[in-house]
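What follows is one structure encoded as structure tokens, with my remarks underneath.
Note that the numbering runs from 1 along the sequence shown for the chain. Predicted model, so just to flag it, every value in this text is computed and none were measured.
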Amino acid sequence: MPVLGGKKPSYRERVADALRAALVAGELRPGEVHSAPALAARFGVSATPVREALLDLAKEGLVDTVPNKGFRVTAVSEQQLDEYTHIRSLIEIPTTAGLARSADPAVLEALRPVAQEIVTAAAAGDLIAYVEADVRFHLGLLALAGNAHLVEVVGDLRKRSRLYGLQSLVEAGRLEASAEEHLEILDALVARDEEAVRAVMTRHLGHVRGLWAAG
């Protein structure tokens, strides 16, 4: 887990984001029960913002409250994951491909540092940073379509996804290659190559229930 700093008002959101990323990446597994003080020690912050963040995650259905013990990570079935991925594909592939026609290349280039963050995190084996940057990259792209509700829906689906195969890819030295697809997506968008964007996005999302899923 990353060590977080800063003032207390920023703890809650930052801790919640890191917890969601840890859930998605499999750092926190279904059925495990975690107390706020124990997680706070891992984050290097006080227990209060961690407890508040966990309550936010409980409202989202990502954890359940266990009286006098803490919070249990909720399980997600294979069918649910398939359904989430199907919905994401229906939304993300055509929306991202459409940006090849409409998005300002300069605005697209502003996302390149985030794409590079994903590659850097993959090379370092930092799964939480990988997932956090991945979310920022893809939701940042979708936001360019100008539909805030669409971004909210995909953001919720991404929170509920599980990518338990990421650690295996790190150990096999293969995650960095997958991470570089984000740069491919950007290059195709800037080149106004809609079909190339669609092809890379289709391959990329295919990993969610393929390469990134098994673990």
Going through the checks in order, is the side-chain contact (heavy atoms from CB on, under 4.5 Å) test met by Phe71 and Val33?
CA-CA 5 Å; Phe71 297 83; Val33 176; over 6 Å; no

With no hydrogens and no angle check, is any side-chain donor or acceptor of Thr74 less than 3.5 Å from a backbone partner on Gly61?
yes

So, do His34 and Arg42 sit near enough that their side-chain heavy atoms are less than 4.5 Å apart?
yes

Nearest non-hydrogen partners of Ala97 and Val197, listed with the distance
CA-CG1, 3.6 Å

Salt-bridge present (Glu32, Arg29; N to O < 4.0 Å):
no

In this structure, would Leu186 and Val107 fall into the same cluster of hydrophobic residues linked by side-chain contacts under 4.5 Å?
yes

Any non-hydrogen side-chain atom of Leu57 less than 4.5 Å from a side-chain atom of Leu23?
yes

Could you tell me which non-hydrogen atom of Tyr130 sits nearest to which non-hydrogen atom of His182, and how far apart they are?
OH-CE1, 4.1 Å

Could you tell me whether Arg158 and Glu92 make a salt bridge, using a distance below 4.0 angstrom between a side-chain N and a carboxylate O?
yes

With a 4.5 Å cut-off on side-chain heavy-atom distances among I, L, V, M, F, W and Y, is there a chain of contacts connecting Leu19 to Val66?
no

For the residue pair His207 / Glu181, report whether a side-chain donor-acceptor contact shorter than 3.5 Å exists.
yes

Single-linkage hydrophobic cluster, 4.5 Å side-chain cutoff, Met201 and Val119 together
no

Quick test of your reading of the model: are Arg160 and Glu60 salt-bridged, counting only N-O distances below 4.0 Å?
no

Do side-chain atoms of Arg162 reach the backbone of Val24 as a donor and acceptor pair under 3.5 angstrom?
no

Flag side-chain contact, heavy atom, 4.5 Å: Arg72 against Val63:
no

For the pair Leu108 and Leu141, evaluate side-chain contact (heavy atoms from CB on, under 4.5 Å) and give the outcome as yes or no after the intermediate values.
CA-CA 8 Å; Leu108 291 168; Leu141 278 179; 3.8 Å; yes

Same cluster or not: are Leu183 and Leu205 linked, directly or through other Ile, Leu, Val, Met, Phe, Trp or Tyr residues, by side-chain heavy atoms under 4.5 angstrom apart?
no

Can you name the nearest heavy-atom pair linking Ala36 to Ala47, along with the distance?
CB-O, 4.1 Å

Ion pair present between Asp56 and Arg20, side-chain N to carboxylate O less than 4.0 angstrom?
no

Test: Asp17 and Arg14 ion pair at under 4.0 Å:
no

For the residue pair Arg192 and Pro105, what are the closest heavy atoms and their distance?
NH2-CD, 3.5 Å

Mind checking the OG1-CD spacing from Thr85 to Gln80? Nearest 0.5 Å is all I need.
11.5 Å

Gap between atom CD of Glu180 and atom CG of Leu175 - 0.5 Å precision
10.0 Å

Closest non-hydrogen contact found for Ala18 with Ile128 is O-CG2, 4.0 Å

Determine whether Thr95 and Asn147 satisfy the following criterion, side-chain contact (heavy atoms from CB on, under 4.5 Å), listing intermediate values before the conclusion.
CA-CA 10 Å; Thr95 302; Asn147 187 329; over 6 Å; no

What's the spacing between Thr65 OG1 and Lys59 NZ if we round to 0.5 Å?
10.5 Å

Would His138 and Ile185 count as a side-chain contact (heavy atoms from CB on, under 4.5 Å) here? Give the steps.
CA-CA 10 Å; His138 286 287; Ile185 293 167; 4.1 Å; yes

Which atom pair, heavy atoms only, marks the closest approach of Ala196 to Ala188?
CB-CB, 3.9 Å

